[in-house]
Asks: 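First, the structure itself, so that you have it in front of you.
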Amino acid sequence: MAHYLLLYQLSADYLQRRGEFRDAHLQLAWQLADQGLLLLGGAVGDPVESAMLLFQTDDQAQIAAFAAADPYVQQGLVTSWRIVPWLTVAGPLAATPLKSVAIPATDAS
């Protein structure tokens, strides 16, 4: 399974408005987390500047469906979003573990 990041750009009034929609947003996110599709998600920065969600799937349409159904997107708290592939190579959850790259020695003769 591949990893993808769902990147959210947030509205200027995101922090003021998110409380009204937070429970519905979290319920949707946890449904996908319970299915093993969403691995991590949350706001980025202090103060908050954006949000990022890490998905594990081979079907980007599932991620797009999440974004389309997300109350934060529907209510304008997210001003734009995009899905980007993330080639994970290190760590216990890496989709493509790569522990070393053998570099052939050059011939000095």
Side-chain angles (χ1 to χ4, degrees):
M1 294 258 228
H3 287 137
Y4 293 90
L5 294 171
L6 174 59
L7 305 175
Y8 278 174
Q9 291 301 310
L10 305 174
S11 65
D13 61 352
Y14 167 79
L15 288 176
Q16 292 77 28
R17 296 185 54 219
R18 76 172 172 182
E20 183 178 353
F21 309 105
R22 198 170 199 187
D23 283 343
H25 165 78
L26 291 172
Q27 183 178 30
L28 180 63
W30 276 103
Q31 285 175 354
L32 294 180
D34 290 342
Q35 295 170 18
L37 182 65
L38 175 61
L39 300 181
L40 293 169
V44 176
D46 185 17
V48 174
E49 61 184 46
S50 61
M52 187 181 318
L53 299 96
L54 171 60
F55 288 84
Q56 180 172 285
T57 182
D58 288 325
D59 184 3
Q60 289 185 52
Q62 294 176 307
I63 304 167
F66 168 84
D70 188 347
Y72 286 178
V73 172
Q74 293 177 347
Q75 299 301 320
L77 279 73
V78 173
T79 59
S80 66
W81 58 270
R82 64 190 180 112
I83 299 167
V84 295
W86 186 19
L87 181 59
T88 53
V89 297
L93 298 178
T96 310
L98 184 61
K99 294 201 177 194
S100 69
V101 177
I103 301 173
T106 58
D107 186 5
S109 57

Asks: When clusters are formed by joining ILVMFWY residues with side-chain heavy atoms under 4.5 Å apart, either directly or through shared neighbours, do Val44 and Val48 land in the same one?
Replies: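 They do not share one cluster, since no chain of ILVMFWY contacts under 4.5 Å joins Val44 to Val48.
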Asks: In terms of hydrophobic clustering (I, L, V, M, F, W, Y; side-chain heavy atoms under 4.5 Å; direct or indirect links), are Leu15 and Leu10 co-clustered?
Replies: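 Linked, Leu15 and Leu10 end up in one cluster.
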Asks: Is the shortest heavy-atom distance from the side chain of Leu7 to the side chain of Trp81 under 4.5 Å?
Replies: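 A side-chain contact is absent here, since even the closest heavy-atom pair is not under 4.5 Å.
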Asks: Show me the donor-acceptor pairs within less than 3.5 Å that the side chains of residues 87-101 make with the rest of the protein, sequence neighbours left out.
Replies:
{"unit_1": "Thr88", "atom_1": "OG1", "unit_2": "His3", "atom_2": "ND1", "d": "2.5"}
{"unit_1": "Thr88", "atom_1": "OG1", "unit_2": "Ala95", "atom_2": "N", "d": "2.8"}

Asks: Kindly list each side-chain donor-acceptor pair under 3.5 angstrom involving residues 18-40, sequence neighbours excluded, with atom names and distances?
Replies:
{"unit_1": "His25", "atom_1": "ND1", "unit_2": "Asp70", "atom_2": "OD1", "d": "2.8"}
{"unit_1": "His25", "atom_1": "ND1", "unit_2": "Asp70", "atom_2": "OD2", "d": "3.1"}

Asks: How would you list, by chain and number, every residue that makes a side chain to side chain donor-acceptor pair (under 3.5 Å) with Asp13, sequence neighbours excluded?
Replies: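 With sequence neighbours excluded, Asp13 shows a side chain to side chain donor-acceptor pair (under 3.5 Å) to Ser11, given in chain and number order.
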Asks: Are any of the side-chain heavy atoms of Tyr4 and Pro85 separated by less than 4.5 Å?
Replies: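 They are in side-chain contact.
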Asks: For the CG atom of Leu5 and the CD1 atom of Ile83, what is their distance to the nearest 0.5 Å?
Replies: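 One gets 10.5 Å once the value is rounded to the nearest 0.5 Å.
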Asks: Side-chain donor-acceptor pairs under 3.5 Å in residues 72-80, sequence neighbours left out?
Replies:
{"unit_1": "Gln74", "atom_1": "NE2", "unit_2": "Ala68", "atom_2": "O", "d": "3.1"}
{"unit_1": "Thr79", "atom_1": "OG1", "unit_2": "Gln9", "atom_2": "O", "d": "3.3"}

Asks: Quick check on the hydrophobic clustering: are Trp86 and Ile63 connected, directly or via other members, by side-chain heavy-atom contacts under 4.5 Å?
Replies: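 Each belongs to a different hydrophobic cluster.
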Asks: For residues 32-52, pull every pair meeting ring-ring contact (aromatic ring centres under 6.0 Å, His included), keeping only residues two or more places apart or in separate chains.
Replies: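 Passing the test, one end in residues 32-52: no pairs.
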Asks: Name all pairs fulfilling the ring-ring contact (aromatic ring centres under 6.0 Å, His included) condition that reach into residues 35-60, sequence neighbours left out, sorted by first residue then second.
Replies: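 Found Phe55-Phe66.
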